[in-house]
Amino acid sequence: MLQVAFIRDHKEAIIERLAKRNIDATEMINDVINLDEDRRALQTKLDNTKAESNTLSKEIGNLFKSGEAQKATILKEKTTQLKETTKLLEQEFNEKVEALNELLYRIPNVPNPIVPSGNTDEDNEETYREGDIPTLHEGALPHWELAKKYDIIDFELGNKITGAGFPVYKGKGARLQRALIAYFLDKNTEAGYTEYQLPHLVNEASGFGTGQLPDKEGQMYHVTADNLYLIPTAEVPATNIFRDTLLNEADLPITITGYTPCFRREAGSYGAHVRGLNRLHQFDKVEILRVEHPDNSYDALDGMVEHVKNILVELKLPYRILRLCGGDLGFTAALTYDFEVFSTAQNRWLEISSISNFETFQANRLKLRFKNNDGKNELCHTLNGSSLALPRVLAGILENYQTENGIKIPEVLVPYTGFDMIS
RNA sequence: GGAGAGUUGGCAGAGUGGUCGAAUGCGGCAGUCUUGAAAACUGUUGAGGGUCACACCUCCAGGGGUUCGAAUCCCUUACUCUCCGCCA
């Protein structure tokens with residue numbers, strides 16, 4: 001969420017930049033400012049009332065000590081009145097705070113000035129493209145056909161055990177999954193990220209911390225008996241490491257990588273675009289996350305993009321990078337780069353990574369701060385991205401590496417798989 | 001699952017219903033000494049709101065209550081630890 005003080009000081013600029021998201025925030029921003037003014041006025045009233053009762057209480061204490069019980073009793077009556085007033089003011093105050101917070105939860109992050117204008121994914125700006133799109137042999141198949149042909153992924157079996165969107169990986173398919181996870185983790189670790197194994201279920205407070213709750217509740221699986229949520233991404237447990245945390249400036253940057261399965265209900269998804277590995281309820285992902293000094297966060301973002309580029313170059317997959325337009329930008333992000341791999345047999349691009357700078361938007365809600373060198377507490381910047389999401393990378397490998405004799409394994413993965421061909 | 005004990009500042013750890021936003025230690029910061037560093041010594045150092053700045057207000061796990069007054073008493077929820085039970 002945005003900081004009220006920031007909104008107060010940069011009202012016009014915020015409205016202007018939020019317009020990139022195709023929303024007119026004028027009313028919301030004005031409401032925030034008005035609610036905040038009301039809140040402050042109430043706070044002053046409330047504080048003064050409390051100050052008065054505090055003074056009286058001390059007097060009463062002293063009177064009792066000096067044995068002037070009668071005088072004390074008179075003062076007691078006064079405090080009862082003040083207490084009533086306090087209660088009423090408190091109620092009013094809490095209502096204002098709640099209204100203000102609810103409003104703040106609904107205002108998305110302010111896009112970085114370089115975010116392109118636009119409404120849909122068609123308006124995203126391609127900033128980079130690399131890798132040759134292979135010419136496939138006659139009769140080349142989409143990945144779900146290949147998975148069946150070589151018996152490496154069983155979608156129907158998943159239907160039986162759980163339901164649609166929970167595939168079963170078998171034999172070399174399972175081994176390839178494990179190889180990809182290990183390879184990604186190794187690459188991230190080499191780049192300086194510390195590997196973490198994180199819980200796959202989180203509590204309510206963590207859901208709020210990263211903004212899945214309250215509005216995106218329907219997208220997570222909820223374990224009602226224990227009131228826990230299955231993580232939709234490692235971002236949730238990894239970011240919540242830093243909930244209510246005060247760091248030292250010297251601690252920054254903090255860099256974390258972790259593999260987790262991800263669980264998403266994806267309610268309402270259907271059609272050809274969700275076939276095979278394109279969209280699943282359970283999938284694997286290796287995530288990278290950084291907590292940065294505000295001065296460094298955009299350099300760090302560029303660094304993350306370079307890092308993922310290197311991996312895709314090593315895998316020799318054709319990919320492109322998009323700078324998301326205002327309409328496609330996630331609620332919490334200030335700037336996002338998406339990576340897409342070309343799925344040759346489907347003749348379409350598949351998103352495999354999304355790397356974002358959230359600036360202070362997450363940190364504000366998390367209360368993630370650092371003590372700067374002047375001794376003041378300042379909000380950190382947070383960034384995260386996939387490095388990488390497995391299913392669509394796998395789809396890209398299966399389709400782009402298929403030959404008439406089977407599916408070749410990218411060279412860098414062979415040490416991890418122990419085989420160089422699926423046939 | 002049963003019984004008991006706990007949860008206090010960045011960390012560790014005291015705390016009698018009013019003198020407690022809270023001893024002490026560590027850590028951090030500044031200084032003295034030193035060519036420099038370490039050590040030692042001295043000083044300083046919780047967070048949030050509010051204010052031009054003060055004043056002032058709030059915060060001792062979360063929520064509620066008793067009281068003129070609560071870190072302290074009561075209720076409740078969550079979590080941690082110990083013992084027992086169960087168990088990969």
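All values below were derived from every heavy atom in this structure, side-chain atoms included, with hydrogens, water molecules and symmetry-related copies excluded.
- Distance check on atom C1': B:rG21 versus B:rU58 gives 11 Å, rounded to whole Å.
- On the C1' atoms, B:rG28 is 11 Å away from B:rC11, given to the nearest whole Å.
- The environment of A:Glu98 atom CD is sparse: at most 12 non-hydrogen atoms of other residues, nucleotides or ligands sit within 6.0 angstrom.
- Paired with A:Leu366 under the rule side-chain contact (heavy atoms from CB on, under 4.5 Å), one option of A:Ile241, A:Thr245, A:Val291, A:Asn240 passes, and it is A:Asn240.
- Counting heavy-atom neighbours within 6.0 Å of A:Gln3 CD, excluding the residue itself, gives a total above 12.
- Where A:Asn248 and A:Thr80 meet RNA chain B, the nucleotide closest to each residue was compared, and A:Asn248 sits on the side nearer the 5' end.
- Between B:rG9 and B:rA22, the distance separating the two C1' atoms is 9 Å to the nearest Å.
- Applying the 6.0 Å contact sphere to NZ of A:Lys309 captures more than 12 heavy atoms from other residues, nucleotides or ligands.
- As rounded to the nearest Å, B:rA3 and B:rC56 have C1' atoms that lie 48 Å from one another.
- Nucleotides B:rG25 and B:rC79 have their C1' atoms positioned 27 Å apart, rounded to a whole Å.
- For A:Gly61 and A:Lys83, each mapped to the nucleotide of RNA chain B holding its nearest heavy atom, the one lying further toward the 5' end belongs to A:Gly61.
- A:Glu90 and A:Lys50 are joined by a salt bridge, as a carboxylate oxygen and a charged side-chain nitrogen come within less than 4.0 angstrom of each other.
- Taking atom CG of A:Asn372 as the reference point, atom C1' of B:rG28 lies 13 Å away to the nearest angstrom.
- Taking atom NZ of A:Lys76 as the reference point, atom P of B:rU67 lies 10 Å away to the nearest angstrom.
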Please list each protein N or O that sits under 3.5 Å from an N or O in nucleotides 85-88 of chain B, with the distance.
none

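- When the options A:Ile311, A:Asn188, A:Val286 are evaluated for a side-chain contact (heavy atoms from CB on, under 4.5 Å) with A:Leu388, the one that passes is A:Ile311.
- Here A:Asp420 does not pair with A:Lys408 in a salt bridge; the nearest charged N to carboxylate O distance is not below 4.0 Å.
- Aromatic ring pairs are classed by plane angle as parallel below 30°, tilted from 30° to 60° and perpendicular above 60°; the pair A:Phe331 and A:Phe361 is perpendicular.
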Where do A:Asn30 and A:Lys11 land on the side chain to side chain donor-acceptor pair (under 3.5 Å) test, with the steps shown first? CA-CA 8 Å; A:Asn30 281 331; A:Lys11 181 182 158 184; 2.8 Å; yes
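- A:Leu75 places its CG atom 13 Å from the P atom of B:rG69, with the value rounded to the nearest Å.
- Whole-Å rounding puts the A:Glu249 CD to B:rG28 C1' distance at 13 Å.
- Going from atom NZ of A:Lys58 over to atom P of B:rC68 covers 18 Å, rounded to whole Å.
- Here the separation of B:rG48 from B:rU67, taken at their P atoms, is 35 Å to the nearest Å.
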Using Watson-Crick and G-U wobble pairs with both distances under 3.5 Å, what is the 5'-to-3' dot-bracket string of RNA chain B, with [ ] for crossing pairs and | for pairs outside the strand? ((((((((.[[[..)..(.....]]]((((((.......))))))((((......)))).[[[[[..)....]]]]])))))))....
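- A salt bridge is absent between A:Lys371 and A:Glu378; no separation between the charged side-chain nitrogens and carboxylate oxygens falls under 4.0 Å.
- The backbone N or O of A:Thr224 lies less than 3.5 Å from no partner atom in the side chain of A:His222, so there is not a single donor-acceptor pair.
- Around atom CD of A:Glu314, more than 12 heavy atoms belonging to other residues, nucleotides or ligands sit under 6.0 Å away.
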Heavy-atom protein contacts under 4.0 Å, nucleotides 43-63 of chain B, coded B base, S sugar-phosphate only, - none: ----SSBSS----SSS-----
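- In this structure, the CZ atom of A:Phe370 is 16 Å from the C1' atom of B:rC29, given to the nearest Å.
- Going from the P atom of B:rA38 to that of B:rC60 covers 38 Å, rounded to whole Å.
- Taking atom CG on A:Asn203 and atom P on B:rU77, their separation rounds to 18 Å, with Å as the unit.
- Of the C1' atoms belonging to B:rG15 and B:rA23, the separation is 8 Å, rounded to the nearest Å.
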